[in-house]
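Quick caveat, the model's predicted, so the values are computed rather than measured. Atoms within a ligand are numbered from 1 in the order they appear, just like the ligands themselves. The analysis underlying the following values was restricted to heavy atoms, covering all of them including side chains, and did not include hydrogens, waters or symmetry mates.
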Amino acid sequence: MPGFEIFGDEERKQVNDVLESGVLMRYGFDGMRNGHWKAKEFEKAFAKRMQSQHCQLVSSGTSALTVALASAGIGAGDEVIMPTFTFVASFESIIALGAVPILVDIDDTLTLDPKAVEAAITPRTRCIMPVHMCGSMANLKALKSICDAHNLILLEDACQALGGTYEGKPLGSYGDLGCFSFDYVKTITCGEGGGIITNSEKYAINADQYQDHGHDHFGNDRGAETHPHLGYNFRISELNAAVGVAQLGKLDSILALQKRNYTIMRETLETVEGLTFRRVPEGGVENYSFLNFFLASESIAQKAHNALSEAGVDACFYWYTNNWHYVNGWEHLRNLTSMGNLPSEVKKQMQNLIETDFSKSDAWMGRTISSLVKIGWTEAQVKERAEKMKKAINSVQ
Ligand SMILES: *Cc1c(COP(=O)(O)O)cnc(C)c1O
C-alpha cells in the first residue's frame with residue numbers, strides 16, 4: 001500500500017497551491033483562496049472514481065468509520081458485527097459512539113464468515129461491518145442478503161482494499177456506506193485522512209454535518225448556521241486534501257504496478273507444495289496490495305515467517321501474533337481497559353472476549369502469511385524476492 005513511495009512534484013504542486021493562499025481550512029475564506037477548494041475537489045473526483053453519488057472527506061480512516069456509523073443513526077447499545085481479523089479502528093469507532101462491537105469469526109477469505117455473522121444477530125444488531133483486509137474482500141453478496149433479511153446496514157471498511165472490485169463495483173460502493181483511509185501507509189495517502197462514500201443522500205448530509213460540529217453548511221456565514229444535530233470535529237485540513245488530489249491521479253498506475261508485482265510472486269509461489277492462497281469470493285478482484293497465503297500448519301507458518309526474515313525478505317507479516325490486527329493481541333479490548341468510565345451499554349453487552357471461542361479464526365490466522373506488494377520494486381527485484389521466498393518456505397517443510 002504504497003502512497004508514501006511516490007510523493008513527488010504533483011503532490012508538492014497541489015500543496016503549494018494551498019500554501020500560496022494560506023487558506024488551510026476547507027470551509028470559508030472564499031475571497032482569499034485563489035479558487036482552490038482541495039477537499040471539495042478530492043470529494044468530487046473520488047466519488048466519481050468510486051462510482052458513488054457522494055464522498056465525504058474526513059481526518060482519518062478511523063473518523064470515517066465513526067462518522068459513517070453516526071450518519072447511519074447508530075448509537076448507544078446498538079450492536080455492530082465486525083471480524084476478529086481487522087485493525088483496532090473497527091472497535092474504536094464503534095465504542096466511541098457507545099455502540100457495541102460484536103466480534104465474529106473469519107473464514108478462508110480472511111474476512112467475515114457469513115454463517116458466523118448470521119449466528120451472531122440479535123434484536124439489537126444494527127450493522128454489519130466487513131473489513132476487506134489486505135487487498136481482498138468479504139463475500140458481500142452473502143452479507144448483503146443477510147442485511148436485507150434482517151434490515152441491517154452494510155458498512156464496508158475498504159481502507160486496505162482501495163481499487164479492488166466486487167461484481168464490477170468498486171469495493172466500498174457495494175454496501176450502504178464505504179470507508180477509506182488515506183493515512184501514510186495506505187494505497188494513496190493524504191498524510192492523514194479518510195473518506196466515506198454512499199449513494200444515500202440522507203447519510204451524505206448527516207456525514208457532512210456530523211464531521212463539522214453539526215453545521216448545516218447553508219450560506220457562507222459559519223456563525224449564522226444552524227445545527228440540526230449534535231456533531232463533532234473530524235474535518236480534514238486543506239493541506240492534507242491537496243496531497244490526496246495528486247495521489248488520486250496516480251491510483252490507476254499504482255494498481256497496475258501492484259498487480260504486476262503480485263502476479264510475479266504468486267506465480268512463483270504457486271509451485272510450493274503445501275502452500276495455498278487466500279480465497280477471493282466469486283466476482284471479486286483484489287487490489288493486489290498484499291499477497292496472502294496459507295501454509296500447511298501453524299508451526300510451519302511460524303517457521304516460514306522466521307526463515308523469510310532470516311533470508312532478508314522484508315515486509316512479510318505473520319498477523320497471528322501481531323498486536324495490531326488480530327483479537328489475540330487486543331489485551332486492552334479483552335479487558336475493557338479504558339482511561340475513564342465506558343458507556344454502560346458497552347460494559348453490559350460486550351461479549352466476554354477472554355472466554356469466547358475463536359478457534360475457527362485461529363485455525364486460519366495461525367497459518368497465514370502476507371507479503372506486502374511495493375510498487376518501487378523492479379520486475380527483476382520482484383523475481384529475485386519471489387525465488388528467495390520460495391526457497392525460505394521450502395527450507396522449513
Ligand atoms: C488504516 C485502517 C483504518 C484506519 O485508518 P486511519 O486513517 O489510520 O485512522 C481502518 N481500518 C482498516 C482496515 C485500516 O487498515
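- Residue Asp157 approaches ligand 1 through these ligand atoms, each under 4.0 Å from one of its heavy atoms: 10 (C), 11 (N), 12 (C), 13 (C).
- Short contacts between ligand 1 and Ala89, defined as distances under 4.0 Å to a heavy atom of the residue, involve ligand atoms 4 (C), 10 (C).
- Each of the following atoms of ligand 1 lies closer than 4.0 Å to a heavy atom of Ser60: 7 (O), 9 (O).
- Residues that satisfy the side-chain contact (heavy atoms from CB on, under 4.5 Å) test with Asp30, not counting sequence neighbours, are Trp37, Asn220.
- No N or O atom of Thr86 sits closer than 3.5 Å to an N or O atom of ligand 1.
- Within the 4.0 Å heavy-atom cutoff, Lys186 counts among the residues contacting ligand 1.
- Classified by interplanar angle (parallel below 30°, tilted 30° to 60°, perpendicular above 60°), the ring pair Tyr210/Phe234 is parallel.
- Listed by number with element, the atoms of ligand 1 under 4.0 Å from a non-hydrogen atom of Gly61 are 4 (C), 5 (O), 6 (P), 7 (O), 9 (O).
- Taking every heavy atom of Asp183 and a limit of under 4.0 angstrom, the matching atoms of ligand 1 come to 1 (C), 6 (P), 7 (O), 8 (O).
- Counting non-hydrogen atoms of other residues, nucleotides and ligands closer than 6.0 Å to CG of Leu230 gives a total of 12 or fewer.
- For ligand 1, the atoms lying closer than 4.0 Å to a non-hydrogen atom of Val131 are 13 (C).
- Heavy-atom contacts from other residues, nucleotides or ligands closer than 6.0 Å to OH of Tyr232 number 12 or fewer.
- Residue contacts with ligand 1, taken as heavy atom pairs separated by less than 4.0 Å, do not involve Glu192 at all.
- Looking at Glu345, its side chain never comes within 3.5 Å of a backbone N or O of Gly77 through a donor-acceptor pair.
- Between the side chains of Thr268 and Lys383, not a single donor N or O lies within less than 3.5 Å of an accepting N or O.
- For Asp212, the side-chain contact (heavy atoms from CB on, under 4.5 Å) partners are Tyr27, His215, His217, Arg222, Arg235, not counting sequence neighbours.
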